[in-house]
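Atoms within each ligand, like the ligands themselves, are counted from 1 in listed order. Worth saying up front: this structure is predicted, and the values here are computed from it rather than measured.
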Amino acid sequence: MTNVILFGPPGSGKGTQAKKLATNYHLLHISTGDLFRAEIGSKTDLGLEAMSYISKGLLVPDAITIGMLRKKVEENHDVNGVIFDGFPRNVLQAEALDELLAERDQRIAALIALEVDDQEIINRILDRAKTSGRVDDADEEIIRNRIQVYKGETAPVFDFYSEDGRSYKVHGVGSIDEIYNRLRNLVDTLI
Ligand code: AMP
């Protein structure tokens, strides 16, 4: 059982790379952003509530996010492991995740952070906005908010897992395949 967190700022390529890694290593890919967007698409109460935060570039409250993540993990107990993408996004979520996995005698093997600088992120997200249809991609002000939230609330999750040597950094600029190969070289040492 190998559980990995793919970490990094918005627009760092987590979603793209998580999908490729999940296919290659036969892992379940869980993206909380995708789960929220599915709820929004189905116009559920959870989706409506989440949208009020997502549209401003803020984090959805922990109780909602952790509850949704727990449900997804519990529905998929028969897997080789999970690639978490976009979760945990603060230290409280990291503690909740560790607890959830410990209940199953599991743990996070590694947190892998994709490193990309702010200007590259803004350019990438504005470019993605042309096709993603995401309200939180279309406005530079909202993108800057998301980067601030990442630096203030999310970045400490890297330190949380580095305390016992489980955090790794990977250079996140280059072609999709170049970055994928860097990630694979690392994941191969964990599996
Ligand atoms: P993402 O697709 O990962 O960029 O997520 C899009 C948006 O969904 C984020 O900007 C947050 O508003 C919300 N979101 C996704 N994952 C989380 C999380 N773990 N905690 C709180 N909010 C989240």
Practice problem: Return a yes/no value for G86: is any of its N or O atoms, backbone included, closer than 3.5 angstrom to an N or O of ligand 1? | Solution: yes

Practice problem: Considering the heavy atoms of R134, write down every atom of ligand 1 situated less than 4.0 Å from one of them. | Solution: 1 (P), 2 (O), 4 (O), 6 (C)

Exercise. Among all protein heavy atoms, pick the one closest to atom 3 (O) of ligand 1 and tell me residue, atom and distance.
Key: R89 NH1, 3.0 Å

Quiz prompt | Shortest protein contact, atom 11 (C) of ligand 1 (heavy atom only) | solution = L58 O, 3.6 Å

Quiz item: Can you tell me how far CD1 of I125 sits from CD1 of I142, rounded to the nearest 0.5 angstrom?
Solution: 11.0 Å

Quiz item: Which residue, E103, E75, E99, forms the salt bridge (Lys or Arg N to Asp or Glu O under 4.0 Å) with R70?
Solution: E103

Self-check item: Atom indices of ligand 1, in the order listed, that fall short of 4.0 Å to a heavy atom of T65
Solution: 18 (C), 19 (N), 20 (N), 21 (C)

Self-check item: salt bridge (Lys or Arg N to Asp or Glu O under 4.0 Å) partner of D118, the single match among R124, R146, R144, K151
Solution: K151

Self-check item: Short N or O distance, T32 and ligand 1, threshold 3.5 Å exclusive
Solution: yes

Quiz item: Atom CZ of R184 and atom OG1 of T189: how far apart are they, to the nearest 0.5 Å?
Solution: 13.0 Å

Practice problem: Looking only at protein heavy atoms, identify the closest one to atom 23 (C) of ligand 1 and say how far it is in Å. | Solution: F36 CE1, 3.7 Å

Quiz item: Which atom names give the shortest non-hydrogen contact between V82 and N3, and what distance separates them?
Solution: N-OD1, 3.0 Å

Quiz prompt | Nearest protein heavy atom with distance in Å, relative to atom 13 (C) of ligand 1 | solution = I54 CG1, 3.8 Å

Quiz item: Relative to Y25, does K20 satisfy both conditions: NZ or CZ under 6.0 angstrom from the six-membered ring centre, and within 45 degrees of the ring's axis?
Solution: no

Quiz prompt | Atom of L190, atom of A110 and distance for their closest heavy-atom approach | solution = CD1-CB, 3.5 Å

Exercise. Give the single entry among D85, V157, V60 that approaches atom 21 (C) of ligand 1 most closely by any heavy atom.
Key: V60

Self-check item: For atom 2 (O) of ligand 1, the option (of R37, K56, R146) bearing the nearest heavy atom
Solution: R37

Practice problem: Would you please indicate if the ring centroids of Y150 and F7 are separated by under 6.0 Å? | Solution: yes

Practice problem: Name the closest protein heavy atom to atom 20 (N) of ligand 1, giving the residue it belongs to and the distance to 0.1 Å. | Solution: Q93 NE2, 3.0 Å

